[in-house]
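Each remark here refers to the structure printed beneath this line.
Just so we're clear, the structure is a prediction, and the values are computed from it rather than from any experiment. The first residue in the sequence is number 1, and the count goes up from there.
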Amino acid sequence: MKARVLRFARAGGGTAVIAMAARVSGQFAMVAVTLVATRHLGPADFGVFAIAGALVMLARTMLYTGPFEYLLKLPHDADQPRGAGACLAATMLVALGWTLLLLALGLAAPFVFKGGGVAAVILALAPSVLLGALAAFAESLMLRSGAVRLYYAITVLAEVGAGLAAIALLVAGWGLWALVLQIYARTVLMALALGALGPPLVLALPQRAAVTEVLRWSVSRFGSVLVTFLANYSGDLVLGVVLSPAASGLYRAANRMVTALADMFVQPAGMLALTTLAAERARGDSEGNPGAWPRLAGLFAVLGWPTMALLALFAHRVVPLALGPAWAAAAPVVAVFCVARMAALLTAVATAELIVTDRQGRVLAVQSAAAAATAGLTVLAAPYGALGAACAATMVALLAAAAMVLTALQRRDRPALAESARLVALPLVGAFGAALAADRLFGGSAPLLALALPLACAAAGWLLAAWPVIPSLRRAAALLSAPPKPA
């Protein structure tokens, strides 16, 4: 077994493990902040931050697409200083535009959302977008240089540091403003650390035509982010408009709890897939590695999908323990969102493949249809509260993931897709089956024991079922082992 583990690590599995471990640390900080916040804030106050935070999240996500991705895939034989300068200029222009838009939305918020407080939080968070632009550019430079492990180490320190600061402020009675300051703390820490430890920065004044080209290439990616936002956050906004911030708070608390766990796998899957596939293109390998993206999806889903399935199975026990009895109504919402986040892993990796192969227009088409469907169904489901909105979003997420996979899939990828399906299916069935059987035996025990014993059985079932597919895991991990050529 030791030899197999060593071969897995040498094949590139170490990078995947480090990426997921970094997300575990970061998401642990996010969960810890959420747990403390739900005990110091009611659903209404949490909903106010959910609405404002969703709008700011859209602006900040724009900084991690378009120019960010353009720099990652910039050919190594291109003019590097001018290319980097063009991407930085484009990023700052995007950040400035979104900052001004957020200020306008903050002024209009009292006339749109029920209840009060949303406007003040939006206005307070708007300037963070400009700081985030510097951090995003520095992240892109570091990832392009191949320093993935250093990048995740910095991310852990920033996430944990900002999380600890937020917890201290919540305990001290700062309320919503503790969560606002957490965003600023994380952004400043990321910008300073990446600037100090990142690769040497060599920039040249870009020509206007170069900046225009970056922005032109990015238009469809910006559209994809916008429609993805509508798909992911329609529930928060619609519930805030139709019902109340309290309904938004219940919806967002459940979503955040699931996302905190799912992003340990989804975020590294999307980022490492984009970095790995883009590196092949930057080296001049236009054909890429046949079947690479299905194998990368399987590499992360082999652990991510069983984890989300177990959270869905035990949501009725986890939510009251984690968030408190007042939030027990969020348990079925958590279970539904687990299914949506399982689909999101496939979407993230397939999207990376489409971006790298310059098929981002197809991403926009799929995501536009998904966003429109999510928004429409959420409006129809809003009278049924947070659970209705969650069901609508999940149904669309499943259909969108299927469409994205079919769009990215080429004939040469089909054998790898079948291999990845077998890779994921055995551990998923082993973990879920063991947990379900143990739940039938120990479900009447004390609350903590009734949760701990089935989870221990699930871990054992996963290990037994994963053993036969270790060779497939090694082949998938090998894709991460090829270092990118220095810029």
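- Side chains of Phe300 and Val349 form no contact here, defined as non-hydrogen atoms less than 4.5 Å apart.
- In terms of heavy atoms, Ala95 sits closest to Leu63 at CB-CD2, 3.9 Å.
- Thr259 and Asn255 are linked by a side-chain donor-acceptor pair at a separation below 3.5 angstrom, with hydrogens and angles left out of the test.
- Here the shortest heavy-atom pairing between Ala315 and Ala331 reads CB-O, 3.5 Å.
- Remark: Leu179 CG to Leu170 CG distance equals 5.5 Å, nearest 0.5 Å.
- Looking only at side-chain heavy atoms (C-beta outward), Ser140 and Leu72 come within less than 4.5 Å of each other.
- The only member of Val334, Val318, Thr307, Leu310 that meets side-chain contact (heavy atoms from CB on, under 4.5 Å) when paired with Leu261 is Thr307.
- To the nearest 0.5 angstrom, Asp413 atom CG is 6.5 Å from Trp293 atom CH2.
- How far OG1 of Thr91 is from CE of Met62: 13.0 Å, rounded to the nearest 0.5 Å.
- Within the 4.5 Å cutoff, no side-chain heavy atoms of Val225 are placed close to those of Gln367.
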As a quick check of understanding, evaluate side-chain contact (heavy atoms from CB on, under 4.5 Å) for Leu426 and Trp467, giving each step before the final call.
CA-CA 9 Å; Leu426 281 176; Trp467 182 259; over 6 Å; no

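- Between Ala166 and Ala178, the shortest heavy-atom distance links the atoms O-CB, 3.7 Å.
- Judged by distance alone, with hydrogens and angles left aside, the side-chain atoms of Arg295 form no donor-acceptor pair with the main-chain N or O of Ala416 at under 3.5 Å.
- Side-chain contact between Leu296 and Leu272 is absent, with no heavy-atom pair separated by less than 4.5 Å.
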Taking it one step at a time, do Phe337 and Met257 satisfy side-chain contact (heavy atoms from CB on, under 4.5 Å)?
CA-CA 9 Å; Phe337 274 135; Met257 184 176 182; over 6 Å; no

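- For the pair Trp305/Phe432, no side-chain contact is recorded, criterion being any heavy-atom separation below 4.5 Å from C-beta on.
- For the atom pair Asp45 CG and His40 NE2, the distance stands at 12.5 Å (nearest 0.5 Å).
- Judged by distance alone, the side chains of Thr187 and Arg60 do bring a donor and an acceptor atom under 3.5 Å apart.
- Thr347 places a side-chain N or O within 3.5 Å of a backbone atom of Ala343 that can act as its donor or acceptor partner.
- Nearest heavy-atom pair across Ile167 and Ala32 is CD1-CB, 3.9 Å.
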Run the side-chain contact (heavy atoms from CB on, under 4.5 Å) check on Phe49 and Val180 step by step: do they pass?
CA-CA 8 Å; Phe49 183 79; Val180 172; 4.3 Å; yes

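- Two residues are said to be in side-chain contact when any heavy atoms from C-beta on lie closer than 4.5 Å; Val469 and Arg422 fail this criterion.
- Heavy atoms of other residues, nucleotides or ligands lying less than 6.0 angstrom from CZ of Arg317 number more than 12.
- Between Ile154 and Met142 there is a side-chain heavy-atom pair separated by less than 4.5 Å.
- Scanning all heavy atoms of the two residues, the minimum distance from Pro332 to Ala328 falls at CD-O, 4.2 Å.
- Using modelled atom types, one side-chain atom of Thr394 and one backbone atom of Val336 make a donor-acceptor pair closer than 3.5 Å.
- Of all non-hydrogen atoms in Phe222 and Gly66, the two that sit nearest each other are CE2-CA, 4.2 Å.
- The structure places CD of Gln182 at 8.0 Å from CD of Glu159, a figure rounded to the nearest 0.5 Å.
- Note that the CG atom of Leu453 and the CG atom of Leu441 stand 10.0 Å from one another [nearest 0.5 Å].
- Side-chain contact between Met271 and Tyr151 is present, with at least one heavy-atom pair separated by less than 4.5 Å.
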Show, in sequence, the C-alpha distance, side-chain angles and deciding distance for Trp177 and Leu169, and conclude whether the side-chain contact (heavy atoms from CB on, under 4.5 Å) test is met.
CA-CA 8 Å; Trp177 301 107; Leu169 292 173; over 6 Å; no

